[in-house]
Amino acid sequence: QVQLVESGGGLVQPGGSLRLSCAASGFTLDDTAIGWFRQAPVKEREGVSCISSNNNNTYYADSVKGRFTISRDNAKNTVYLQMNSLQPDDTAVYYCATRLFRACGGSVGAARMYNYWGQGTQVTVSS
């Protein structure tokens with residue numbers, strides 16, 4: 001059974017940092033691309049980042065480039081999203097997701113392309 005569990009969210013001041021974790025089980029993470037998405041109130045779910053199975057291909061939304069870094073530790077079955085220089089616009093519920101493909105497909109991709117989702121973790125950026 002495919003399972004994704006996010007953690008690491010919280011309240012942070014503008015300019016601060018958080019590291020989100022996505023713990024994966026029920027499939028071989030080594031062979032699988034993982035995406036991060038976020039959804040703010042009354043907004044559509046948007047792609048944030050994706051990392052391919054070979055770890056050499058990563059993709060970011062323009063809004064987070066240079067501030068967020070995606071990485072993976074296959075030995076721990078975990079994918080991370082390091083978020084720096086956080087701003088109030090980053091406030092959202094963050095989700096990790098997979099469609100059990102090896103590659104991201106050249107971009108983060110649309111949410112509708114992903115089949116499996118975690119329950120999400122809340123990130124609030126506020127002073």
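In terms of heavy-atom proximity, A40 sits nearest to A92 at N-CB, 3.8 Å. Residues S63 and R38 approach most closely at OG-NH2, 3.4 Å, considering heavy atoms. C104 and R99 get closest at one heavy-atom pair: O-NH2, 2.7 Å. Between A61 and G47 the shortest heavy-atom distance is CB-O, 3.4 Å.
Hydrophobic clustering of Ile, Leu, Val, Met, Phe, Trp and Tyr side chains at less than 4.5 Å, counting indirect connections, unites I51 with L20. L86 and L11 fall into different hydrophobic clusters, where Ile, Leu, Val, Met, Phe, Trp and Tyr residues are linked whenever their side-chain heavy atoms come under 4.5 Å apart, directly or through other members. Under a hydrophobic-cluster definition in which Ile, Leu, Val, Met, Phe, Trp and Tyr are linked whenever side-chain heavy atoms come within less than 4.5 Å, directly or via other members, L100 and I70 are assigned to the same cluster. In the hydrophobic clustering of ILVMFWY residues, with side-chain heavy atoms under 4.5 Å counting as a link, I34 and F101 come out apart. Under the 4.5 Å side-chain heavy-atom criterion for ILVMFWY residues, no single connected hydrophobic cluster contains both Y59 and M83.
To the nearest 0.5 Å, the span separating CE on M113 from SG on C50 amounts to 9.0 Å. The OG1 atom of T28 sits 10.0 Å away from the CZ atom of R102 when rounded to the nearest 0.5 Å. The OG1 atom of T32 lies 7.0 Å from the CZ atom of R72; values are rounded to the nearest 0.5 Å. A distance of 6.5 Å separates CG in D31 from OG in S53, rounded to the nearest 0.5 Å. To the nearest 0.5 Å, atom CH2 of residue W36 and atom OG1 of residue T121 are 7.5 Å apart.
With hydrogens and angles disregarded, a donor-acceptor distance shorter than 3.5 Å links the side chain of E6 to the backbone of Q119. Looking at T124, its side chain never comes within 3.5 Å of a backbone N or O of T91 through a donor-acceptor pair. Of the possible polar contacts, none joining the S126 side chain to the P88 backbone as a donor-acceptor pair under 3.5 Å is found.
A heavy-atom distance below 4.5 Å is found between the side chains of W117 and R45. Using a 4.5 Å cut-off on side-chain heavy atoms (C-beta onward), L29 and V79 make contact.
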Please step through ring-ring contact (aromatic ring centres under 6.0 Å, His included) for the pair Y114 and Y95, ending with a clear verdict.
CA-CA 11 Å; Y114 288 74; Y95 302 88; over 10 Å; no

Full working for side-chain contact (heavy atoms from CB on, under 4.5 Å) between R67 and D90:
CA-CA 11 Å; R67 301 188 298 124; D90 296 314; 2.8 Å; yes

So S49 and V64, side-chain contact (heavy atoms from CB on, under 4.5 Å) or not? Walk me through it.
CA-CA 8 Å; S49 184; V64 306; 5.5 Å; no

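A cation-pi arrangement is found for R19 relative to Y80, the charged atom lying closer than 6.0 Å to the ring centre and inside a 45° cone about the ring normal.
A tilted orientation is assigned to the rings of Y94 and F68, their planes being inclined by 30° to 60°.
Summarising the local packing, OH of Y116 is surrounded by 12 or fewer heavy atoms from other residues, nucleotides or ligands at distances under 6.0 Å.
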